[in-house]
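Atom set for the values below is all heavy atoms of this structure, side chains included, hydrogens, waters and symmetry mates excluded.
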Amino acid sequence: MSVRKTAVLSYNMTTADANNPDGRIPFGRQFDFIGDVETELMILNDGDESLCLGYTDVELFEDAYVGDMLDFTAEMIKVGGTSRTCKIRTYKVATLASRMGIENAAPGEMYYFEEPKLITEGTVVLVV
């Protein structure tokens, strides 16, 4: 089997992703996208969506907000007979300039980080 090791899904969080007035994105909503990127990796490798057995060691380092540009990644770290273990990560690539305290920022102006910021990390086991 030829193994593609990594899949990436890039997404700009919108008001439809938030459920509170401060624009914070619920952690569960991030998992919708994490599930999508895991599924993409499994389809590319095995031709099937897979079933999630569970997540371990999931850590949330920083909140995501409306306007944030995020990269969701799934990296295959172990291939079993019917299971796949992946490292999942979410990186914040950019955020609204106003959120960074940049004065006179135009509405919607973005601040891009020199290095994407790791905001979520964990491990998932999938069955194909």
Can you check whether [Y]'s main-chain N or O pairs, donor with acceptor, with [X]'s side chain at less than 3.5 Å?
X	Y	value
Glu109	Ala106	yes
Lys92	Asp63	yes
Asn45	Met42	no

Can you find a pair of side-chain heavy atoms, one from [X] and one from [Y], that are under 4.5 Å apart?
X	Y	value
Asn12	Asp68	no
Asp48	Ile43	no
Tyr91	Ile119	no
Phe61	Glu121	yes
Asp32	Arg29	yes

Shortest non-hydrogen contact between [X] and [Y], atoms and distance:
X	Y	result
Val37	Ala7	CG2-O, 3.3 Å
Ala94	Tyr112	CB-CD2, 3.5 Å
Ala64	Leu70	CB-CD1, 3.9 Å
Ala105	Ser98	CB-N, 4.2 Å
Val124	Cys52	CG2-SG, 3.6 Å
Arg89	Leu118	CB-CD1, 3.8 Å

Tell me, please, which residues at least two apart from Asp36 pass salt bridge (Lys or Arg N to Asp or Glu O under 4.0 Å).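 For Asp36, no residue satisfies salt bridge (Lys or Arg N to Asp or Glu O under 4.0 Å) once neighbours in sequence are set aside.
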Relative to each other, are the rings of Phe33 and Phe72 parallel, tilted or perpendicular (30° and 60° limits)?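 Phe33 vs Phe72 ring planes: parallel.
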Within 45° of the six-membered ring axis of Tyr65 and under 6.0 Å from that ring's centre, is NZ or CZ of Arg99 located there?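 The answer is yes; both the distance and angle limits are met.
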Say whether [X] and [Y] are linked into one hydrophobic cluster, either directly or through other cluster members, by side-chain heavy-atom distances under 4.5 angstrom.
X	Y	answer
Val58	Leu53	no
Phe27	Ile25	yes
Leu41	Tyr55	yes

Should we count CG of Asn20 as having more than 12 external heavy atoms under 6.0 Å?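 Yes, the 6.0 Å shell around CG holds more than 12 heavy atoms from other groups.
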When you look at CD of Glu49, are more than 12 heavy atoms from neighbouring residues, nucleotides or ligands closer to it than 6.0 Å?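 Result for CD/Glu49: open.
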Verdict with reasoning, Ile88 to Phe31, per side-chain contact (heavy atoms from CB on, under 4.5 Å): CA-CA 10 Å; Ile88 53 166; Phe31 264 86; 4.2 Å; yes
Any chance the side chains of Gln30 and Thr120 put a donor and an acceptor closer than 3.5 Å?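 A pair is found: one side chain offers a donor N or O, the other an acceptor, under 3.5 Å apart.
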Would you please say whether a donor-acceptor pair under 3.5 Å links the side chains of Asp71 and Ser10?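 Yes, Ser10 and Asp71 have a side-chain donor paired with an acceptor closer than 3.5 Å.
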Interatomic spacing from [atom1] in [X] to [atom2] in [Y] - rounded to 0.5 Å:
X	Y	atom1	atom2	result
Met13	Arg24	CE	CZ	13.0 Å
Leu96	Met110	CG	CE	5.0 Å
Ile34	Thr39	CD1	OG1	11.5 Å

Mind running side chain to side chain donor-acceptor pair (under 3.5 Å) on Thr123 and Asp57 for me, showing each step along the way? CA-CA 6 Å; Thr123 304; Asp57 304 320; 4.9 Å; no
Kindly indicate, with the supporting measurements, whether the criterion side-chain contact (heavy atoms from CB on, under 4.5 Å) is fulfilled by Ser83 and Val128. CA-CA 6 Å; Ser83 67; Val128 294; over 6 Å; no
Check this for me: does any side-chain nitrogen of one of Arg84 and Asp46 sit under 4.0 Å from a carboxylate oxygen of the other?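 So Arg84 pairs with Asp46 through a salt bridge.
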Presence of salt bridge, Lys5 and Glu75, under 4.0 angstrom: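 Salt bridge between Glu75 and Lys5, a charged N being under 4.0 Å from a carboxylate O: no.
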Val66 vs Thr14, test: side-chain contact (heavy atoms from CB on, under 4.5 Å). Steps then yes/no. CA-CA 5 Å; Val66 169; Thr14 70; 5.6 Å; no
Please determine whether side-chain contact (heavy atoms from CB on, under 4.5 Å) holds for the pair Val127 and Ser50, giving the CA-CA distance in whole Å, both sets of side-chain angles, and the decisive distance to 0.1 Å. CA-CA 5 Å; Val127 175; Ser50 76; over 6 Å; no
